[in-house]
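Just below is one structure, and these are the notes that go with it.
One-based numbering along the sequence shown. Counting convention: from 1, in listed order, for ligands and their atoms alike.
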Amino acid sequence: MELQNLKVASDKVSFAQAVKKGLGKEQGLYFPTDLRAMNNIDELLAMPLVERSQAIIKHLVGDEMSPELIDSLIQNAFNFPAPLVNVKDNIFCLELFHGPTLAFKDFGGRFMAQCLAHISEGEPVTILTATSGDTGAAVAHAFYGISNINVVILFPKGKISPLQEKLFTTLGGNIHTVAIDGDFDACQRLVKTAFDDQEVREGLHLNSANSINISRLLAQVCYYFEAIAQLPKEQQDKAVFAVPSGNFGNLTAGIIAKTLGLPIKRFIASTNANDTVPRYLQDGKWTPKPTVATMSNAMDVSQPNNWPRIEALIEHGYFDRSLLSGDAVDEEYTQVAMKQLQAAGYISEPHAAIGYRGLVKQLAKDEVGIFLGTAHPAKFRETVENVLGQPISLPQPLVDCAGKPSLASEQGPEYEALKAYMFKTLGK
Ligand SMILES: *Cc1c(COP(=O)(O)O)cnc(C)c1O
């Protein structure tokens, strides 16, 4: 697989190099130079999740990795199901929250950890990542205990739910967590600055594990196939995906799945009040506003860093922009959507509900709507209980970490402080 830096065209790398580097020169994103469609879609849709995903990843990565290696990476990463649940009428939820940290980021995080553990061949690596919630937990659990890999996770202090925070700040060992006095964009800026700092990048063998890492996107492509595979045959070419979006990795993966030949009709990009993309799709103007805090805090992003990849898919002729519409949902309608789902007998949390809302507004009668269930409702228990007025019980992974103390350090948003911390904690 060959990938090209979207900012520096001469910067071309293999899959292994792209996984290792995360970002390219001038902080450019890597993107596949060739996204050939697969010619055996019906056959693929008849396969079980793991076997099908192995075939998809082999097609994408090519002969750079042996088939046996890809088989074992996927086997280890995808050890939980992604059921498609009929919520009402022609609307389904693809539940992506049955992994160890109860959110879709387990798919990408676990595949990325498997790839990196293999590619690094025992050399020291530091994963530096910013999280607005679920990435941190997924990355922490995926890498926990891999001895040559240290993980540093930055998160906006006080801006993620307490339980969510407990999922990744209580592990210790090779997992180091830092609460930053600032918002998610401030955390992302710190990560970008560190990658620009040669002393840190080379001295600590930095690698990024947030949604910019290409391995995460490839893993996420696989569950769009899993969704279509679970629909009755006659509905498989009618699906509209509503993707609750923040950094737009999930939507990028969905569009890649369509590029590979999966018969997805169109997409709805659902956001919360951080609506840079829905506004852009309306008026063609890219005008990010300051990030605002919402109930769906994993989507509190006003400058989505995967957007250039979606632009590239459109520019290179892989995807027709008219098949993408936007929908921004405010706090009031997020709650309305959660209550409508409750009335239909389905308990959901704010992120997935925003996807559902996009379908309620835009789905046609002869279409089948699938919204992505990006997190388990118990991950946002306080909010869900407040809005729905009913108790939510905790699944086991949350029970396990709820009683443990947080091991996170605290810091301001200045880069020099982070740099000193990293050398002190990780430098030898
Ligand atoms: C990360 C996250 C999102 C947003 O996904 P992107 O790929 O960044 O657009 C949505 N919902 C939940 C629960 C998340 O954790």
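The distance criterion of under 3.5 Å between nitrogen or oxygen atoms is met by T374 with respect to ligand 1. At a 3.5 angstrom cut-off on N or O pairs, F104 does not count as close to ligand 1. On a distance-only criterion, A298 and ligand 1 share no N/O pair closer than 3.5 Å.
Without hydrogens or angle criteria, N274 side chain to T291 main chain gives no donor-acceptor distance under 3.5 Å.
Contact annotation: the side chain of N90 never approaches that of K365 to less than 4.5 Å [non-hydrogen atoms, C-beta and beyond]. The shortest side-chain heavy-atom distance between I180 and Q411 falls under the 4.5 Å cut-off. Inter-residue side-chain proximity for L260 and L60 is flagged as met; some heavy-atom pair is nearer than 4.5 Å.
Each salt bridge (charged side-chain N to carboxylate O under 4.0 Å, His left out) pair with one or both residues in residues 379-402, not counting sequence neighbours, appears once here: D134-K379.
Counted by atom type alone, N213 and R216 present zero donor-acceptor pairs between their side chains at under 3.5 Å.
For F97, the closest heavy-atom approach to ligand 1 does not fall below 4.0 Å.
Between Y346 and Y356, the distance separating the two ring centers is not shorter than 6.0 angstrom.
If you look at P244 next to ligand 1, the close heavy atoms, those under 4.0 Å, all belong to the backbone. Residue contacts with ligand 1, taken as heavy atom pairs separated by less than 4.0 Å, do not involve E349 at all.
With ligand atoms numbered from 1 in the order given, ligand 1 contributes 7 (O) to contacts under 4.0 Å with heavy atoms of N250. Every atom of ligand 1 is numbered from 1 in the order shown, and the set under 4.0 Å from a heavy atom of G249 is 6 (P), 7 (O), 9 (O). Against a heavy-atom cut-off of under 4.0 Å, A375 is close to the following atoms of ligand 1: 13 (C). Listed by number with element, the atoms of ligand 1 under 4.0 Å from a non-hydrogen atom of N247 are 6 (P), 8 (O), 9 (O). Counting the atoms of ligand 1 from 1 in the order shown, those under 4.0 Å from a heavy atom of K105 are 1 (C), 2 (C), 3 (C), 14 (C), 15 (O).
Remark: Y421 engages no residue in a ring-ring contact (aromatic ring centres under 6.0 Å, His included) (not counting sequence neighbours).
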